[in-house]
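A short worksheet on the structure shown next.
By convention here, the first residue in the shown sequence is residue 1.
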Amino acid sequence: MADSSQLVVLAPYALRDWSGRPRRFLDPAPMPFRSKALVGAWFQNDEQLERDYHRRQRGTVRRMADAFRLIAQNYTTLHRARMIYCLDGMHYAILLMLARAGLFRTEGKIIRRVAFHDTAWQNLATKLHSAPAAFQIECITHEQFASATRHLGAHRIISRPWKIDTGWFQPAPDALHLRALLPGNISRDESIVPPLLHSGISITRIARSDSLHARFAAEIADPRFELVTNASHREYLEHLHAAPAVLLPIVPCDGSAGLTAALEAIAAGIPVLANRSMGLTELFAECQYPVPMLNNLDPAAWAQAYRQIEEQHESAEFIEELEVSRKLLLKHHRILPAGDDWAQIFTEACTEANDPSAQCSVLRFKHSALSTEH
């Protein structure tokens, strides 16, 4: 029987078990009706994924070979698909290379990938200028969207807000206000921690990188400091709910560093203290956030701003303003249930392509059991 999947998602890996953890936006499971996820490797849980995938040495050659294999094994399915969404840049680059060489037909197709960093589209700019119209890039910030559009044209670039599982990240009934939380793995100004500790602010630094043990060897002896690495999702939520505020000191970078952490904190009703950076500045404006952004990474300014947040914890007006921001976030950054985000992406893509085919709307709000290939 011929594969009739209209939307196909290519992913290097995916999880089977979502119990005890938040859902991830654009995850290849579940998929809506008449769609399919082609996954390179399935894992039972986060522990197995971390151990057998993220911590293994996977060079460019290995990643390329795995991506080629997945595409070759499912060539017919990809050939029949109306839309192909690549969750890994390697799959997208290979399809682009095959199309430019005349080995993969793209007429009537939409082929996309999401770009978290400017380099994601910048590295492909030369090839995309002469590529078939099917190839598009999705950006998750307005700043990134504007820049990419100027270089590649409006027909290539799509703006899509990033989302989180707001069912998982909700306000806690009781606030503990133990330590400020500084979460994240990259583009954080670690040098701000010692002077903040010196000013009397207790901090939990939480990340996946074990290298932070060496970075904070001296601070670990300070009772006001706690370093947590490789925490479970439930442990992270407990630390978030116990925080008087979330600190996001972002160093200059080419991506939206800190955006997910900020979304999670706002959804959980925890104040966020951040400096102006890609993604965060837009988010604060969009949510009418009551905490002013900092213009730099000066520890003295951060300490003063943190003290101001502490003073407002019991303010009914401040609590109400945080709730207003949380409700505004829910309008645009909430993961939809049962694969509806994929259905929405597909329907909008076909509408933008001015496709009159009725096939372009068959995914909307129709769901079946998870359709995948192992």
Side-chain angles (χ1 to χ4, degrees), residues 9 14-15 17-32 45-46 87 114 116 138-142 159-176 181-185 206 231-248 256-274 278-291 309 318-348 364-365 367 370:
V9 174
L15 289 178
D17 184 7
W18 282 93
S19 58
R21 62 156 298 147
R23 299 205 61 79
R24 288 184 301 206
F25 186 42
L26 302 184
D27 195 80
M31 297 296 295
N45 49 48
D46 279 301
L87 294 180
V114 64
F116 297 105
E138 286 195 355
C139 297
I140 64 173
T141 72
H142 296 305
S159 178
R160 183 170 308 284
W162 194 242
K163 297 184 178 184
I164 61 166
D165 185 348
T166 55
W168 178 274
F169 293 100
Q170 297 188 49
D174 299 309
L176 299 178
L181 185 66
L182 201 169
N185 301 304
I206 192 165
S232 70
H233 292 281
R234 193 165 297 280
E235 288 169 339
Y236 177 79
L237 186 62
E238 291 173 356
H239 282 288
L240 178 62
H241 282 154
V246 167
L247 309 179
L248 293 174
S256 52
L259 180 59
T260 299
L263 288 167
E264 293 167 351
I266 293 173
I270 306 300
V272 179
L273 188 59
M278 182 188 296
L280 293 183
T281 304
E282 298 172 11
L283 177 64
F284 274 44
E286 178 186 40
C287 294
Q288 301 175 21
Y289 206 59
V291 180
I309 290 177
F318 182 61
I319 294 172
E320 176 59 29
E321 289 174 337
L322 290 176
E323 178 62 15
V324 169
S325 295
R326 191 182 74 86
K327 290 179 178 178
L328 289 172
L329 180 143
L330 295 179
K331 289 184 178 181
H332 304 289
H333 300 279
R334 176 178 64 89
I335 292 178
L336 300 179
D340 279 355
D341 281 307
W342 286 120
Q344 185 180 76
I345 288 171
F346 182 79
T347 302
E348 289 176 355
R364 186 187 291 263
F365 309 125
H367 309 291
L370 175 63

So, taking the atom named [atom1] in [X] and the one named [atom2] in [Y], what distance separates them when rounded to the nearest 0.5 Å?
| X | Y | atom1 | atom2 | answer |
| --- | --- | --- | --- | --- |
| Glu321 | Ile319 | CD | CD1 | 10.5 Å |
| Lys163 | Leu329 | NZ | CG | 11.0 Å |
| Met278 | Leu259 | CE | CG | 11.0 Å |
| Leu237 | His241 | CG | NE2 | 4.5 Å |
| Trp18 | Asp46 | CH2 | CG | 7.5 Å |

Could you check whether any side-chain heavy atom of [X] comes within less than 4.5 Å of a side-chain heavy atom of [Y], counting everything from C-beta outward?
| X | Y | answer |
| --- | --- | --- |
| His332 | Cys287 | no |
| Leu263 | Phe169 | no |
| Ile270 | Pro171 | no |
| Tyr236 | Ile206 | yes |

How far apart are the closest heavy atoms of [X] and [Y], and which atoms are they?
| X | Y | answer |
| --- | --- | --- |
| Arg24 | Ile335 | C-CD1, 3.6 Å |
| Leu240 | Glu264 | CD2-O, 4.0 Å |
| Pro271 | Ile309 | CB-CG2, 3.8 Å |
| Ser325 | Pro290 | OG-CD, 3.4 Å |
| Leu26 | Leu87 | O-CD1, 3.2 Å |
| Gly258 | Leu248 | O-CD1, 3.6 Å |

Strictly distance-based, threshold 3.5 Å: is any side-chain N or O of [X] a donor or acceptor partner for the main-chain N or O of [Y]?
| X | Y | answer |
| --- | --- | --- |
| Arg326 | Ala265 | no |
| His239 | Arg234 | no |
| Thr166 | Ala267 | no |
| Glu348 | Ile345 | no |
| Asp341 | Leu336 | yes |
| Asp165 | Pro22 | no |
| Glu282 | His142 | yes |
| Tyr289 | Val272 | yes |

Does the pair Val246 and Leu273 meet the rule for a side-chain contact (heavy atoms from CB on, under 4.5 Å), with working shown?
CA-CA 6 Å; Val246 167; Leu273 188 59; over 6 Å; no
Working for side-chain contact (heavy atoms from CB on, under 4.5 Å), residues Leu283 and Ile266
CA-CA 10 Å; Leu283 177 64; Ile266 293 173; 3.9 Å; yes
Evaluate the criterion side-chain contact (heavy atoms from CB on, under 4.5 Å) for residue pair Leu328 and Glu286; output intermediate values, then yes/no.
CA-CA 8 Å; Leu328 289 172; Glu286 178 186 40; over 6 Å; no
Is the terminal nitrogen or CZ of Arg21 (NZ for Lys, CZ for Arg) located under 6.0 angstrom from the six-membered ring centre of Trp168 and within 45° of that ring's axis?
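The answer is no, since Arg21 fails at least one limit relative to Trp168.
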Test side-chain contact (heavy atoms from CB on, under 4.5 Å) on Met31 and Val9; report intermediate values, then the result.
CA-CA 9 Å; Met31 297 296 295; Val9 174; 3.3 Å; yes
Answer with yes or no whether the side chains of Trp162 and Ser256 bring together a donor and an acceptor at under 3.5 Å.
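Distance-only check fails for Ser256 and Trp162.
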